Q: 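My questions will all concern the structure given below.
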Number of protein chains: 2
Amino acid sequence: MALRHAVLAALLEGEASGYQLAKRFDVAVANFWSATSQQLYRELERLEQEGLVQARVVEQLRRPNKRMFTLTASGRDELRAFTRQPARTTAIRDDLLVKLQAIDSGDHSAVRAAVSTRLEQARDKLAQYDRLRDDLLAGRDEDEYLRDAERVGPYLTLMAGQLYEQLNIHWCTTVLEALAQRSATSRAANPTPR
Amino acid sequence: MALRHAVLAALLEGEASGYQLAKRFDVAVANFWSATSQQLYRELERLEQEGLVQARVVEQLRRPNKRMFTLTASGRDELRAFTRQPARTTAIRDDLLVKLQAIDSGDHSAVRAAVSTRLEQARDKLAQYDRLRDDLLAGRDEDEYLRDAERVGPYLTLMAGQLYEQLNIHWCTTVLEALAQRSATSRAANPTPR
DNA sequence: TCACACATGTAACACGTTACATGATTTG
DNA sequence: CAAATCATGTAACGTGTTACATGTGTGA
């Protein structure tokens, strides 16, 4: 039951509709949690019933009404209690790594292509995170920010995202080099497994 | 449907019982996929029905019989086909990062403790991976290994695991420093949010 | 004797993904 | 004129987690 806490944490940034939350999850929250809009609507429904968030309907001309959600006091309490609970270890599940594990009896060039794709995605994400960081810092340097800012959480998770994408770039590059080296040698470039 | 492919990839290491597979998932496979034994038993059942793995019953004295699973030819084909499919982007979901995002209205010292715990776990895992690497290399150096070894997949995923844990160590350390610096300044050490 | 490793499984539930449904407005 | 954005949702299905159930052998 951690999606609920990710939603509550995302609402610390301020009131949002389901749709806006989904956007938020696509950009700023993507560093630490991912969810589809369907999950969000379902979860917001529950959170409202449990009184952890509050909805107000905003009527709009020529657009469907939207419901804007805000944290309630008990929502904040719940989030605070959550930070006290022991964190469970993260489950790593990465499709690309499964492909890499199987590369020796798989399609060599397809896997190489997949690694290249990941490399590009990592570069794009990193650029995006760099922009987010500039927005957060707003001219201040890091030390200044860490001392004076209202909230440091978003900055620290963003840092994790940046480091993670840098890692991806480094790792993808190394893997591509290793694979290139291997096909260049006397071994068959992509031997069919027995 | 990626658990099935992780299972097939894990069986490339050789025949295993459900129980042994669970062990394998706890150590060598943990770099790229995680699964509980319950998931594994369920998935092996299906894979057998679809003819992607084959089971043979090994009778044991004074212990329950076990079923040893092997990849079939169509299991290998399936795995190969999987490496050709486009990889979907990985969903990041990390409890600890949610806590960090919420730290400014959460329990400061509890979150710091959680980061410390993660730091220790990362160190342990890294040490474990270093040992696995030595086993894989078996005296050869990296270049030699990448040129000559039968399979490079397990090495490359292991490398990802090592880099990931190094990242964790780096990030946790930086976060702890940043938080320490922050509590040392004139701001209240752990202000209760409004 | 107590805990841990071996060995497999069922059942219930929670969570995540995909497809479908609707319909106006803005941008290219 | 087509595509993307805004805005919300239902339904069906697939995956992952937790609790329970069973029983022997081994080592501290």
Side-chain angles (χ1 to χ4, degrees), chain A residues 1-8 15-27 29-30 32-50 53 55-69 85-95 98, chain B residues 1-8 15-27 29-30 32-50 53 55-69 85-95 98:
Chain A
M1 274 209 238
L3 171 61
R4 67 193 308 102
H5 299 113
V7 169
L8 295 174
E15 193 184 39
S17 67
Y19 189 82
Q20 289 171 326
L21 249 195
K23 295 280 140 180
R24 219 174 262 180
F25 266 73
D26 277 348
V27 285
V29 180
F32 57 90
W33 207 268
S34 49
T36 62
S37 49
Q38 286 64 32
Q39 276 180 276
L40 295 176
Y41 283 117
R42 187 164 59 181
E43 198 62 40
L44 285 168
E45 208 51 56
R46 288 182 204 159
L47 287 169
E48 196 194 3
Q49 273 164 30
E50 294 172 42
V53 304
R56 79 188 164 91
V57 175
V58 176
E59 300 203 9
Q60 301 190 118
L61 293 171
R62 298 151 195 277
R63 279 200 183 284
N65 294 347
K66 60 180 171 186
R67 306 207 303 145
M68 298 290 286
F69 295 91
Q85 278 165 225
R88 25 155 142 183
T89 53
T90 302
I92 300 178
R93 291 193 176 104
D94 192 334
D95 234 32
V98 177
Chain B
M1 277 210 239
L3 171 61
R4 66 193 308 102
H5 299 113
V7 170
L8 295 174
E15 195 185 37
S17 67
Y19 190 81
Q20 288 172 327
L21 249 195
K23 296 279 140 177
R24 219 174 263 179
F25 266 75
D26 276 348
V27 285
V29 180
F32 57 90
W33 208 270
S34 49
T36 61
S37 50
Q38 286 64 31
Q39 275 179 279
L40 296 176
Y41 283 117
R42 186 164 60 180
E43 197 63 39
L44 284 167
E45 208 50 58
R46 287 181 204 162
L47 287 170
E48 196 194 1
Q49 273 163 32
E50 294 173 42
V53 304
R56 81 190 162 90
V57 175
V58 176
E59 300 201 10
Q60 301 189 120
L61 292 173
R62 297 151 194 278
R63 280 200 180 286
N65 294 345
K66 61 181 171 183
R67 305 206 304 144
M68 298 291 285
F69 296 91
Q85 277 165 225
R88 25 153 141 185
T89 53
T90 302
I92 300 178
R93 291 194 176 102
D94 192 335
D95 236 32
V98 177

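These numbers come from the heavy atoms of this one structure, side chains and all, not from hydrogens, waters or symmetry mates. Here the structure is a predicted model, which means the values were calculated and not measured. Letters go in sequence order (proteins before strands), and every chain restarts at 1.
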Q: In whole Å, what is the span from the CG atom of D95(A) to the C1' atom of dT17(C)?
A: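 It works out to 14 Å between those atoms.
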Q: Tell me: CG of L47(B) to C1' of dT15(D), nearest whole Å?
A: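 Rounding to the nearest Å, CG of L47(B) and C1' of dT15(D) are 14 Å apart.
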Q: Show the nearest heavy-atom pair for residues A35(A) and L3(A), with the distance to one decimal.
A: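 Closest approach of A35(A) to L3(A): CB-CD1, 3.8 Å.
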Q: Between the axis at one end of the helix from dT1(C)-dA28(D) to dG28(C)-dC1(D) and the axis at the other (five pairs apiece), what's the angle to 10 degrees?
A: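 Answer for the end axes of this duplex: 60°.
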Q: Is the closest basic N to carboxylate O distance between E43(A) and R46(A) below 4.0 Å?
A: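 Yes, E43(A) and R46(A) are salt-bridged.
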Q: Compare every heavy atom of G18(B) with every heavy atom of L44(B), then report the nearest pair and how far apart it is.
A: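 In terms of heavy atoms, the two residues are closest at CD1-CA, 3.8 Å.
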Q: Looking at dG16(C), I'd like to know if its phosphate oxygens (OP1 or OP2) sit under 4.0 Å from a side-chain N or O belonging to R93(B).
A: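 The answer is yes; a side-chain N or O of R93(B) sits under 4.0 Å from OP1 or OP2.
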Q: In whole Å, what is the span from the CG atom of L3(A) to the C1' atom of dG16(D)?
A: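 Rounded to the whole Å, the gap is 14 Å.
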Q: Which atom pair, heavy atoms only, marks the closest approach of A2(B) to D95(A)?
A: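 Closest approach of A2(B) to D95(A), heavy atoms only: CB-OD1, 3.5 Å.
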Q: Report, as a single string ordered 5' to 3', how protein heavy atoms within less than 4.0 Å touch nucleotides 5-14 of chain D: B base, S sugar-phosphate only, - not at all.
A: SBBBBB----
Q: Can you measure H5(A) atom NE2 to dA14(C) atom P for me and round it to whole angstrom units?
A: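 Value for this atom pair: 15 Å.
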Q: Tell me the interatomic distance from E15(B), atom CD, to dA7(C), atom P, rounded to whole angstroms.
A: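 To the nearest whole Å, that distance equals 13 Å.
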Q: Check whether any side-chain N or O of Q39(B) sits under 3.5 Å from a backbone N or O of T36(B) as a donor-acceptor pair, and report yes or no.
A: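 Yes, Q39(B) side chain to T36(B) backbone: donor-acceptor pair under 3.5 Å.
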Q: Determine the minimum heavy-atom distance between Y19(B) and Y41(B), stating which atoms define it.
A: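 Looking at all heavy atoms of both residues, the closest pair is N-OH, 3.4 Å.
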Q: According to a strict under-4.0 Å criterion, is Q39(B) in side-chain N/O contact with OP1 or OP2 of dT17(D)?
A: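 Result: yes.
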Q: Write down the atom of E15(A), the atom of R24(A), and the distance for their closest heavy-atom approach.
A: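 Heavy atoms only, the tightest pair is O-NH2, 3.5 Å.
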Q: With no hydrogens and no angle check, is any side-chain donor or acceptor of R93(A) less than 3.5 Å from a backbone partner on S34(B)?
A: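 Flag set: sc R93(A) to bb S34(B) pair under 3.5 Å.
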